[in-house]
Each structure stands twice: as C-alpha cells, then as structure tokens.
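Just follow the structure's listing: the first ligand is 1, and inside any ligand the first atom is 1. The first residue in the sequence is number 1, and the count goes up from there.
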Amino acid sequence: MGSPAGFARILRAPGKTTVDHFDHRDGRLHCEHVPLDALAAEVGTPAFVYSASTIRDHASRLHEAFASLDPLICYAAKANSNLAVLELLAKEGCGFDIVSGGELARVLLAGGDPAKVVFSGVGKTEEEMDAAIRAGVLMFNVESEEELDVLGAVATRLELDAGVAIRVNPDVDPKTHRYITTGKKENKFGVDLERGEALARRAVAHPRLVLRGIQCHIGSQITDVKPFAEAVERTRDLALRLKPDAPDLAYLDMGGGYGIFYKDENAPSLKDYADVIEPVVKDCGLQLVMEPGRLIVGNAGVMLTRVLYNKTSGKRRFVIVDAGMNDLIRPSLYEGYHRIWPVTGEPPPPLGEEGDGDLVDVVGPVCESGDFFAVDRPLPVVTRGDLIAVMSVGAYAAVMGSNYNDRPRPPEVLVDGDRFAVVRERETHADMMRKERPDATYRSLGTSEGAST
Ligand code: LLP
C-alpha cells in the first residue's frame, strides 16, 4: 500500500500515467491484473469497471491519515451505490451517508451497520423518516425547522427516539463548480449558524429527538483546504456552545467534498486535510464524522467504450463512441473533465499532461449536442472498433445514468486481483419496458383497478 500522505502525491509521482490500480503494461491498460481489452471482449461495451483494491486502499488511507481522531467514516452512498461496492466498504468498517429510502434499503441489504448511518438531504419524506428511525440510524442531518417538526412527529408516533444532527451552513466559498457548491448562504442546503443554534436547542427540548451532532457539507470536488479549515472551526464553535445543554451531543460531522485528481488539479493530500482539521477537532470532546464519496471511489473506476465512427464536420473532428451522456453525464452537466485514452497501444502521457495528437471531440450516440465526453482533446488516431477508456468514473457516473434514448444501462464489473465479477448485469430492452402497461384499463378515481364503470 502507498504512503498515507494522500492520493494526490502518489498520483503525481513522476512518470505515472494512470491513477491507482490502473496501469498500462505491455501495451494494454490493466485494472489490477486484468487486461481491459480482454475484459471488454468478455462483457461487451460500454461497461464500467471498478478496482476493489483501490476502493479498499482509499478507505484505509483515509483512516490512517486521520488516525489520531479515529473518525467515523460514513461513505456517501450517492457516489456509487452498487451493492457490491457498499458491501466491500461495510466490510472495511465504514458507515454510510444516505439521502433516500432507496439508499437506506441498499445499505441494509449490503450489511451496513445502521448505527453508523447518517441520513442527509433537504427533502426527506415521512415514509423515509419512518423507515430510517425503525432501522435505528445514528442521526438525521436536519436541514430546516419544518423538517425538525415532521421528524419529531414521526418519532413521537413510532414511540421511538430519533438522533439528530443540525446541518449548518457556515457560509464559506469552497471555490468549486456552482452546481456542486453547497455551503454558501444562498444555497438550498442547511440553515445559517444563528438559526442552527435555535434549531439545535429545539431538538434538545423535544422528548423524542436526541441532539447527537452538528453537521456541515460545503461542496464537492474541493481542492483547497482553507474552506474546510474555516468551516470546521465555525461548526465546532457552535457545537461547543451547545454542548453544556446537550448531553448527547457527541459528533462533529464535516460532510464530504474532498477533491480528487481528474486532470491537473492541485488536490491537497489527505495529510494536508488532516493538518487543518485535526488541531480544531482534537480534544474538543466530539468525534469527527466524515462523509467522503468521490475520494473513496472516484479514481477507482473506468468506463470502457468502443469507437463506432470517425467523422469530420467543418473544422471539427469527431470520434463517435458507443457510450453516451446517459451513461456518464458529468462532462455535459458540470463541464467535468475525464482523461480519455485508447486501452491498447502507447500509454497515455504522464498525469497532468494531455500529450499531443489530433484535437478531436469524443461524443456519444445520443441525440443531443450536449452529448460529449471531451471537446478539443488530443488523442492518438483511433478507428472503428478501437477500445477507449474514460477514466476516474467511479463516482457520480453509473449512479447518475439514465435510459434516455432507450439505451440500456451498462454492466458494472468489480475487479479484485486477477479476477472479476459482473456486479450489475447489462440491462436488456425488456428490463427497460418492464414497468410499462400500454394495455392498462382506464378507470375513475375511487374505483379499484380494472373495475368497469
Ligand atoms: N455529504 C453530503 C451531505 C453531500 O451532499 C455529498 C455530496 C457528500 C457528502 C459527498 O461528497 P463528495 O465527498 O463525494 O464530494 N454529482 C456531482 C457531485 C454531487 C455531490 C453531491 N453531494 C459530480 O458529479 O461532481
């Protein structure tokens, strides 16, 4: 295993061309010991391939970097909620950050410990609260006055206690894409610090609510430690003000958001993060909770896709591949950058460099101009049938997929050493139509299904 100093430095090691357990060897990109051209021949394209060793390494390096605080690491299931990935992380001792009843069901099925589950999100329904209280989750990250009232009512009805953390908005600018900024006053998330204090006191006074924590999450793909430092201090100060009146207040939950390497980001190392968080949290009498998603799985996945056609239009050159924005929407939605390189042949240029080659747009088959993976990207010449890897798609890729244009979702494959398992099968056309009932009988409200009126 690499040094606990953090991924960023390992990734930028001189000469390294790919991240973590993905390597070009003998002219072929491998995931751990599995050559990806051979794997694609077996499972077809497009396909997501994840490295189990990378996921495990990231979880344990995070533990090591923050060892002196012994944090509760609640992996943000939204980043990649494949059951096999959740199971793997549950076995590593991780808890989970969930945002829906669906994620709760997955985490429980995967063997996650409910006592290590935090439930985030601005719009939890009563049904979701009900299921999570019954399951015994550690705490709900409450984001508004109304939500606190509804949670209190659900807990009272169930005659069960509900753990609460108040999500505060420390009003810091994480300097990331505006769609993934959450900690500024004008974002829909959390409550400001003054409201947060009042809300926390209301939770303490409620007979069925137990104030267990103060939480904040300022954004995602943050590549500067300063906003974290500011946020952790403001959040801790509020928690310490409340503590004398809140006997069960035990957790300081700093959310996720740790940036990873997609291109040439100067992403801080884990040690850099630990250096600013540790002094603020150590000896304050609260246990640190972390909700990393991307950091654990982002660099642990590639998407394999085949070249369908090359074409030129005006001055632009297009490489049309068999994956589309329905499979990976990050470039279209956030202008997200993903390294792209042929699976066989010359290895890619060292990390942080684009190399030279003809500038092309790598696009998918979906009928939208926004269906692209790269614009003006230097790429070696590729021809029909060539296999291409789109890198760093372990987070927010498969989970954000859709069936748009009636395209079946790709399979997800987990590699461990020299073996692989298809942990989600490719969808079929029948799968996509399974819930549709074109012959359903029309009925009036108030009559039972199919009854004639
Ligand atoms: N905790 C909370 C409350 C969150 O809202 C999020 C992410 C996380 C933890 C995990 O953040 P991470 O460590 O992965 O940055 N789809 C976007 C990212 C959306 C993030 C939403 N919240 C993307 O593809 O960049």
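Using a 4.0 Å cutoff on heavy atoms, Asp97 counts as a contact of ligand 1. The closest approach between any non-hydrogen atom of Ala395 and ligand 1 is not below 4.0 Å. Assignment of Pro292 to the shell around ligand 1 is supported, since a heavy atom sits closer than 4.0 Å.
Near Met400, meaning under 4.0 Å from one of its heavy atoms, ligand 1 places the atoms 16 (N). The atoms of ligand 1 that sit less than 4.0 Å from any heavy atom of Gly293 are 12 (P), 13 (O), 14 (O). Below 4.0 Å from some heavy atom of Gly256 lie the following atoms of ligand 1, by number and element: 9 (C), 13 (O). Each of the atoms 12 (P), 13 (O), 14 (O), 18 (C), 23 (C), 25 (O) of ligand 1 lies under 4.0 Å from some heavy atom of Arg294. Less than 4.0 angstrom separates some heavy atom of Arg167 from each of these atoms of ligand 1: 3 (C). Counting atoms of ligand 1 from 1 in the listed order, those under 4.0 Å from a heavy atom of Glu291 are 1 (N), 2 (C), 3 (C), 8 (C), 9 (C), 10 (C), 13 (O).
With hydrogens and angles left out, the side-chain atoms of Tyr404 and Glu368 include a donor and acceptor closer than 3.5 Å. Checked by atom type, the side-chain pair His217/Asp97 shows no donor-acceptor distance below 3.5 Å. Side-chain contact annotation: Asn82 with Arg424, donor-acceptor N/O pair under 3.5 Å absent.
If you look at Phe189 next to ligand 1, there are no close heavy atoms at all, none under 4.0 Å.
Each of Val382, Leu379, Val307, Thr305 was scored for a side chain to side chain contact (heavy atoms under 4.5 Å, CB included) with Val362, with one residue passing: Leu379.
Shortest non-hydrogen contact noted between Phe119 and Val99 is CE2-C, 3.5 Å. Taking each heavy atom of Val204 and Asp245 in turn, the nearest pair found is CG1-O, 3.3 Å.
Ring centers of Phe228 and Tyr258: under 6.0 Å apart, within the cut-off.
For ligand 1, the polar-atom distance check finds an N/O of Gly257 within less than 3.5 Å of one of the ligand's N/O atoms. An N or O contact shorter than 3.5 Å is missing between Gln215 and ligand 1 by distance.
For the pair Asp431 and Arg409, the salt-bridge criterion is not met [side-chain N within less than 4.0 Å of a carboxylate O].
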